[in-house]
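These notes concern the structure reproduced below.
Counting convention: from 1, in listed order, for ligands and their atoms alike.
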Amino acid sequence: MKVLITRKMPGDAVERLKDKYEVEINESDKILKKDELIKMVKGKDAILCFLTDMIDEDIIEAGKDLKVISNFAVGYDNIDVEAASSRGIPVTNTPGILTNATADLAWGLILATARKIAQGDKFVRKDRFEGWDPTLMVGSEVHGKTLGIVGMGKIGSAVARRSLGFDMEVLYHNRSRKKEVEEELDAKKVDLETLLKESDIVSLHVPLTDETEGMISWNELKMMKKSAFLINTARGEVVVEEALIEALKSEKIAGAGIDVYSDEPYGANPDYYSLDNVVLTPHLGSASHRARNGMADMAVDNLINILEGRDSDYVVNRDDL
Ligand code: NAP
């Protein structure tokens, strides 16, 4: 069987694929263009792809022999799942293993924005620090504040759990009720408007879908407290970026911590760069050794299980096949 891997993978999980199949890897590690993907997917039985690969209907159509699309990510908004389902191709993802890494990063962004850590780092490096100053970069304490989680799934719950150490009140917005989280964290389910109006920190953890695209726009940002922070480790398109940039410029909100961007896979919006009240990271949510090696293992297991005719727990389109 023939397998295409669209970029270099961390760890040694790839060796398990090489032992079993004829494997073609994009060793250049550059994001493949659509025409390159179309060419390379032809004649392959499986593709192991990343969130930087836009696997649309044309690519799936070209992959006539595909038996599985194994995505190296929990989010699968980069794949036309409907097109895969209509051809009977299972799509798999890698949930769970990156939950703690992403929750840690979200907390890094919460503290970095509220306490101006990134701003302070730049200041010191520019050799502008001339000793302790009672008015220098005074930020907001996180302790005792209200945390609003939008999307109380695996990552949202892990972010909320970490707030126990900061004695925070937790509000959440989710389509279904999460009774376990309510019991464990005393979290309250509220509508999005209430969450935006009452939270000091709003952290986004919904998947990117037709329903969540543009979920946070100017209207929603206007509802937030002037002293509040928005944290986005979900997907760039959940927020209307131009509206957020305007809200940061006009100080409609106090700040933002951003890991994901609308222009991905090609980069971030340069309009952010001159703003002091935003902390930017380059899509690092799952970037810990443990999470990335675990994702590689899961993506490889998913692919092998399906190719060998076994089941995988991580088929996202099971009901539509
Ligand atoms: P998850 O466990 O499936 O959680 C997603 C939550 O969002 C669920 O509780 C879901 O519950 C809720 N949700 C879905 N649609 C909604 C809507 N329209 N309104 C309100 N709530 C909605 O997924 P996860 O593992 O926590 O991952 C969440 C997302 O984080 C991923 O999809 C991915 O895009 C992103 N992520 C980013 C990074 C990074 O590197 N920055 C790393 C990992 C993941 P209901 O369906 O019941 O509403």
Practice prompt. Kindly confirm or rule out an N or O of H283 lying under 3.5 angstrom from an N or O of ligand 1.
Written response: yes

Discussion item. So, regarding D77 and ligand 1 (criterion: nitrogen or oxygen to nitrogen or oxygen, under 3.5 Å), is there a contact or not?
Written reply: no

Response to the item:
Of K154, M295, R175, the one whose closest heavy atom lies nearest atom 46 (O) of ligand 1 is R175

Response to the item:
Interatomic distance, CG@N305 vs CZ@R310, rounded to 0.5 Å, equals 4.5 Å

Discussion item. Please list the nearest protein heavy atom to atom 22 (C) of ligand 1 with its residue and the distance rounded to 0.1 Å.
Written reply: V206 CG1, 3.5 Å

Discussion item. Would T99 count as a polar contact of ligand 1, with the cut-off being nitrogen or oxygen pairs under 3.5 Å?
Written reply: no

Item to complete: With atom 44 (C) of ligand 1 as the reference point, say which of L98, T209, I149, V74 has the nearest heavy atom.
Response: V74

Worksheet item: atom 28 (C) of ligand 1: which protein heavy atom is closest, and how many Å away?
Response: H205 O, 3.3 Å

Fill in: M152 and ligand 1 - part of the residue with a heavy-atom distance under 4.0 Å
backbone

Worksheet entry | Short side-chain donor-acceptor distance under 3.5 Å, N26 and S28 | yes

Discussion item. Using a plain distance cutoff, I'd like to know if I155 has any nitrogen or oxygen under 3.5 Å from a nitrogen or oxygen of ligand 1.
Written reply: yes

Worksheet, complete the sentence: Value for CG (L109) from CD1 (I258), rounded to nearest 0.5 Å, stands at 8.0 Å

Response to the item:
Residue, atom and distance of the protein heavy atom nearest atom 45 (P) of ligand 1 read N174 ND2, 3.4 Å

Discussion item. Under a 3.5 Å threshold, yes or no: a donor from one side chain and an acceptor from the other, between N302 and S312?
Written reply: yes

Discussion item. Does the plane of the ring in W107 sit parallel, tilted or perpendicular to the ring in F166? Use 30° and 60° as the thresholds.
Written reply: parallel

Worksheet item: When you check the side-chain N and O atoms of D167 and H143, is any donor under 3.5 Å from an acceptor?
Response: yes

Worksheet item: Got an N/O contact under 3.5 Å between G285 and ligand 1?
Response: yes

Practice prompt. Could you tell me the separation between the CG atom of D271 and the NZ atom of K249, rounded to the nearest 0.5 Å?
Written response: 5.0 Å

Practice prompt. Report the nearest protein non-hydrogen atom to atom 33 (C) of ligand 1: residue, atom name, distance rounded to 0.1 Å.
Written response: R235 NH1, 3.7 Å

Worksheet item: Side-chain donor-acceptor pair under 3.5 Å between D53 and T6, yes or no?
Response: yes

Item to complete: Looking only at protein heavy atoms, identify the closest one to atom 18 (N) of ligand 1 and say how far it is in Å.
Response: E211 OE1, 2.8 Å

Discussion item. What I want to know is whether G153 and ligand 1 share at least one N or O pair that is separated by under 3.5 angstrom.
Written reply: yes

Worksheet item: Hey, does T102 come in under 3.5 Å of ligand 1, counting only N/O atoms on both sides?
Response: no

Worksheet entry | Sub-4.0 Å heavy-atom contact, P95 with ligand 1 | no

Worksheet item: Side chains of S286 and R292: donor-acceptor distance under 3.5 Å anywhere?
Response: yes

Item to complete: Classify the side-chain pair Y261/E237 by whether it contains a donor and acceptor separated by less than 3.5 Å.
Response: no

